[in-house]
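These notes are about the structure you will find just below.
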Amino acid sequence: MAEPELDLSKKYDAVIIGSGAAGGMAAHVLTSHGLQVLLLEAGKKLDIEQELRSMEWPYDNAHRGGLPPGSHALNHNEYTIRRPPYGPGFEKSKNLYSYVGNSDYLKNIVVNERDNPYTGTNYAWVRARCLGGKTNIWGRLALRLSDYDFKAKDRDGYGENWPVSYSDIAPYYDKVDLYLGITGVKENLPYLPDSLFQRPTKLSCAEVTLKQGIQKMGRVLTQYRAGVTTDGLKHNKYRSRCYGRGACSRKGGCDIHAAFDSPTGLIYPAMDTGNLTLRTNSVAREITVDRQTGKASGVHFTDSETMKDYTVRGKAVIVAASTLESARLLLLSKSRLYPNGLANSSGHVGHNFCEHIMGPHVVGQATDLVGKPPTLDDGRPGSFYLTRFRNLAEKQAKFIRGYGFEGGSGSSMFPPGTDSPGFGASFKEEIRRNQGSYIAMGAFGEVLSRYENFVDLDPLVKDKWGIPALRFHYKFGDNEHHMAADMKETAQEMFEAAGFKIIFVSDRVLTEGWSIHELGTARMGDDPKTSVLNQFQQSHDVKNLFVVDGSAFVNASCQNPTWTIMALCWRSCDYLADQLAKNDL
Ligand SMILES: Cc1cc2nc3c(=O)[nH]c(=O)nc-3n(C[C@H](O)[C@H](O)[C@H](O)COP(=O)(O)OP(=O)(O)OC[C@H]3O[C@@H](n4cnc5c(N)ncnc54)[C@H](O)[C@@H]3O)c2cc1C
Ligand code: SF4
């Protein structure tokens, strides 16, 4: 693979900040247009196969897959009771991780919270600072949005419509599907458009029962739409087809890259064009500006290891550091011309921050499966998705927008129930008898985009590189709490309709941030007074500046965002390349 060196004397056609879903896609699209692109990534390039070790057995790991001594991953209470991770009580842990980092396989992928502090209201902020960012460990659920989301204001009067419709984005969703691969089953639902699916996975017995049980309620359960290639991709030599090892569900990540990740799916192929220069360990701290033209001139970054500072130049700058880091970077890029931060004449950078609420869930048992022989159910890259049904044809009195459920069931390598009391032969027999009969699901709901939910820069706290930390001013509102109460009710109602024995049902809402679907801090719109970007994710204020990650979202929808991030980014980068060719940036 060609790896050109950084050239400080060169003016690149485009400098991209961040190498996750958004930055990787920008690199792919722009290099395929023949542009000379520099990609800056704050984290390391890890030997990712060695980190993930997808097929390692627990007994081959010194800590059975857990964290080594001296390391600690925050639990739910620690996010809510203490001021994580700076309060007393954590002194013994040299390495502190977000709740996702609770595993030997992920400890080098997620950030050490001590080096990367943040302040303000409770928020479980999960970050992956390494080549590929969070795509190395994402949950793979790859859903499309529809005009029920893009034009949600037309339906309920709340918030703003997106400056794009489904018909604008649909061709780009198709391109993403074909280039990266996705598995699923067509359902012809107007509110959850189908993708161009590869071979689907199979539902387990209890999942089929649930699917049939809720049909009479007009509700839909479908196979997990995973951003995974089940048929293989002839055009990509870095990725294998899925062998159904289920390791991605058990541990996170896929070391043969059947599950999409940005390095093997996008960045390595972009490097093969010879048009991409990748520089890892490069922490962008400011987007520089040409005082004469007011345009972005390049990026000032610090080498994360040597602490040396550099400035690189580009005809266009593309911010793709993930929703919250991108907002931070725009706010950090203050100058005489832009005293409130770059692209922020509207005052909306950092605001309208939204995501998904989660927590309410149900656990049930298909009693007819007790004592049945085991089936192979966890060799799948995902189980099922139960689609949105609220506020489509009907209107709920207490809340607007909707939610969907992710769930799973069936026989698995590590069956449920092993943590229940008991020991010896009778205990083992009991676990075996019940193993394939449990089923569970939890909801993900839209958090409304509100101006008063925002992030800004902390005036005192700085990260390891001396860069001001992000401060959160964010909490769920009444709409989310009413929705959460409804999630619990409907979860139970559907399990009962399917004839399952209810084992446990909860309406506990998890801390803000738990969904890892942060969105909306530099939203798109037609009006520069109330939005940061236009429909091509181009700054209204600074023509050659683009923000191509989840920051651009106008609302969160309840569908997972990554496939939409990449479809929008592809469309914006096609536009950028066209504008650059016309010398119009
Ligand atoms: C456990 C888990 C499960 C998930 N499950 C799903 C799912 O099922 N479906 C779904 O749609 N989404 C899921 N997500 C979310 C998904 O991973 C994100 O939506 C996606 O990765 C966002 O892409 P991004 O490029 O915006 O950000 P990232 O992937 O986070 O990439 C951002 C990159 O920018 C780099 N960066 C940050 N700051 C700087 C800086 N100052 N200078 C240089 N580089 C910088 C970071 O190091 C990182 O590599 C999940 C995430 C996690 C962690
Ligand atoms: S099930 Fe498929 S995507 Fe998941 S780890 Fe196995 S091969 Fe990779």
Side-chain angles (χ1 to χ4, degrees), residues 16-26 39-44 52 54-55 98-101 106 109-111 116 126-143 181 183 201 224-230 239-263 266 279-287 299 301-302 304 319-326 328-329 332 355-356 378-382 385 406 444 463 465 467 515-519 547-552 559-566 569:
I16 303 169
I17 303 163
S19 69
M25 182 54 80
L39 175 56
L40 298 175
E41 165 53 50
K44 288 190 181 73
L52 295 173
S54 298
M55 300 310 282
S98 67
Y99 78 94
V100 168
L106 307 187
I109 296 174
V110 297
V111 299
N116 297 275
V126 175
R127 290 156 290 172
R129 271 206 171 186
C130 57
L131 185 68
K134 297 194 289 284
T135 66
N136 289 298
I137 51 171
W138 73 308
R140 307 160 304 284
L141 186 59
L143 302 175
T183 157
T201 54
Y224 202 77
R225 296 182 172 181
V228 167
T229 172
T230 44
R239 298 182 59 195
S240 158
R241 77 174 171 83
C242 175
Y243 282 90
R245 309 171 306 162
C248 49
S249 298
R250 286 191 296 270
K251 291 187 190 167
C254 170
D255 64 1
I256 58 170
H257 312 290
F260 159 73
D261 58 66
S262 170
L266 297 165
R279 194 180 193 286
T280 49
N281 297 335
S282 304
V283 185
R285 53 193 312 142
E286 185 186 0
I287 297 154
V299 180
F301 71 89
T302 301
S304 62
V319 186
S322 76
T323 297
L324 291 164
E325 289 288 11
S326 291
R328 181 179 176 207
L329 197 53
L332 284 166
E355 52 144 352
H356 296 151
D378 71 343
R380 301 180 285 178
Y385 185 66
E406 292 179 35
F444 284 70
D463 69 12
W465 301 275
I467 304 173
S515 68
I516 330 180
H517 291 163
E518 58 274 12
L519 301 161
V547 186
V548 296
D549 54 29
S551 336
Q559 274 104 259
N560 306 37
T562 307
W563 232 240
T564 304
I565 291 175
M566 292 194 286
C569 175

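Whatever order the structure lists them in is the order used to number ligands and atoms, beginning at 1. Only a predicted model underlies this, so the values are computations on that prediction, with no experimental measurement involved.
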Element-labelled atoms of ligand 2 that are located less than 4.0 Å from some non-hydrogen atom of Y243
7 (S)
Check side-chain contact (heavy atoms from CB on, under 4.5 Å) between T564 and all other residues, then give those that pass, not counting sequence neighbours.
L145, Y173, F553, L568
Taking 4.0 angstrom as the limit and counting only heavy atoms of A22, give me the atoms of ligand 1 inside it, by number and element.
25 (O)
Is the side chain of R239 donor-acceptor paired with the backbone N or O of H257 at a distance under 3.5 Å, no angle test?
yes
Restricting to under 2.8 Å, identify the protein N, O or S atoms around atom 4 (Fe) of ligand 2 as residue plus atom.
C248 SG
Going through the distances and angles, do I137 and V110 end up as a side chain to side chain contact (heavy atoms under 4.5 Å, CB included)?
CA-CA 9 Å; I137 51 171; V110 297; 4.1 Å; yes
Under the side-chain hydrogen bond (donor to acceptor under 3.5 Å, both in side chains) rule, collect the residues that match up with S262, sequence neighbours excluded.
none
Identity and distance of the protein heavy atom lying nearest atom 1 (C) of ligand 1
I137 O, 3.5 Å
Looking at ligand 1, does L329 have a heavy atom less than 4.0 Å from it?
no
Any non-hydrogen atom of G24 lying under 4.0 Å from ligand 1?
no
With heavy atoms of L141 as the reference, note each atom of ligand 1 found under 4.0 Å away.
7 (C), 8 (O), 9 (N), 10 (C), 11 (O)
One finds that the ligand 1 atoms under 4.0 Å from a non-hydrogen atom of G133 are 29 (O), 31 (O), 48 (C), 49 (O)
Among protein heavy atoms, which sits nearest to atom 35 (C) of ligand 1, and what does the distance come to when rounded to 0.1 Å?
E41 OE1, 3.3 Å
With heavy atoms only and a cut-off of under 4.0 Å, state how T562 meets ligand 1: side chain, backbone, both or neither.
both
To check your reading of the model: name the closest protein heavy atom to atom 13 (C) of ligand 1, its residue, and the distance in Å.
H517 NE2, 3.5 Å
Atom 27 (O) of ligand 1: closest protein heavy atom, distance to 0.1 Å, is S322 CB, 3.2 Å
So, is W563 polar-close to ligand 1, with some N/O to N/O distance under 3.5 Å?
no
Heavy-atom pair with the smallest gap, counting every atom of A320 and V548:
CB-CG2, 3.8 Å
In terms of atom number and element, which parts of ligand 1 are under 4.0 angstrom from non-hydrogen atoms of A128?
46 (C), 47 (O), 48 (C), 49 (O)
dist D549:CG -> I565:CD1 (nearest 0.5 Å) comes out at 6.5 Å
Minimum heavy-atom distance E406-Y385, with the two atoms named:
CG-CD1, 4.0 Å
I256 heavy atoms, cut-off 4.0 Å: which ligand 2 atoms fall inside?
7 (S)
Considering residues at least two apart in sequence or located in another chain, which fulfil the side-chain contact (heavy atoms from CB on, under 4.5 Å) criterion with E286?
H300, S333
Nearest 0.5 Å, what's the CG-OG distance between L266 and S19?
10.5 Å
Of all the non-hydrogen atoms in the protein, which one sits nearest to atom 42 (N) of ligand 1, and at what distance?
A284 N, 2.9 Å
How close do M55 and K251 get, heavy atom to heavy atom, and via which atoms?
N-NZ, 4.1 Å
Min N/O separation A42 to ligand 1 under 3.5 Å
yes
Between P561 and ligand 1, which part of the residue brings a heavy atom under 4.0 Å of the ligand: side chain, backbone, both or neither?
both
Let me confirm one number: the CD-CD1 distance from E355 to I516, rounded to the nearest 0.5 Å.
10.0 Å
Identify, by atom number and element, the atoms of ligand 1 in contact range of R140, meaning under 4.0 Å from any of its heavy atoms.
7 (C), 8 (O)
Check each heavy atom of D255 against ligand 2 and say whether those closer than 4.0 Å belong to the side chain, the backbone, both or neither.
neither
Indicate yes or no: does D255 engage R245 in a salt bridge with an N to O separation below 4.0 Å.
yes
Please state whether S19 comes within less than 4.0 angstrom of ligand 1, counting heavy atoms only.
yes
What is the distance from atom CG of L131 to atom CD of E41, rounded to the nearest 0.5 Å?
6.0 Å
Using side-chain contact (heavy atoms from CB on, under 4.5 Å) as the criterion, point out the one residue from I16, I17, L329 that pairs with V299.
I17
Give me the atom names and distance for the closest heavy-atom approach of P263 to G132.
CD-CA, 3.5 Å
Show me which atoms of ligand 1 lie under 4.0 Å from any heavy atom of I17.
42 (N), 43 (C)
Testing the basics here: between T323 and S551, what is the closest heavy-atom pair and its distance to 0.1 Å?
OG1-N, 3.2 Å
Select one of side chain, backbone, both or neither to describe which atoms of K134 lie under 4.0 Å from any atom of ligand 1, heavy atoms only.
both
Considering G550, G20, S326, A321 one by one, which has a heavy atom nearer to atom 39 (C) of ligand 1 than any of the others?
A321
Classify the ring geometry of W138 against W563: parallel below 30°, tilted from 30° to 60°, perpendicular beyond 60°.
parallel
Should N560 be counted as touching ligand 1, given the test is an N or O pair under 3.5 Å?
yes
So, regarding I565 and ligand 1 (criterion: nitrogen or oxygen to nitrogen or oxygen, under 3.5 Å), is there a contact or not?
no
R328 side-chain N/O to A321 backbone N/O, donor-acceptor pair under 3.5 Å
no
Atoms in ligand 1 with a heavy atom of G18 nearer than 4.0 Å
33 (C), 34 (O), 35 (C), 44 (N)
Testing the basics here: between S326 and V319, what is the closest heavy-atom pair and its distance to 0.1 Å?
OG-CG1, 3.4 Å
A student checking ligand 1 against I516 at a 4.0 Å heavy-atom cut-off should list atoms 1 (C), 2 (C), 15 (C), 51 (C), 52 (C), 53 (C)
Nearest non-hydrogen atom to atom 4 (C) of ligand 1 belongs to which of C130, C569, G139?
G139
Hey, mind stepping through R279 and L40 against side chain to side chain contact (heavy atoms under 4.5 Å, CB included) and telling me if it holds?
CA-CA 5 Å; R279 194 180 193 286; L40 298 175; 4.1 Å; yes
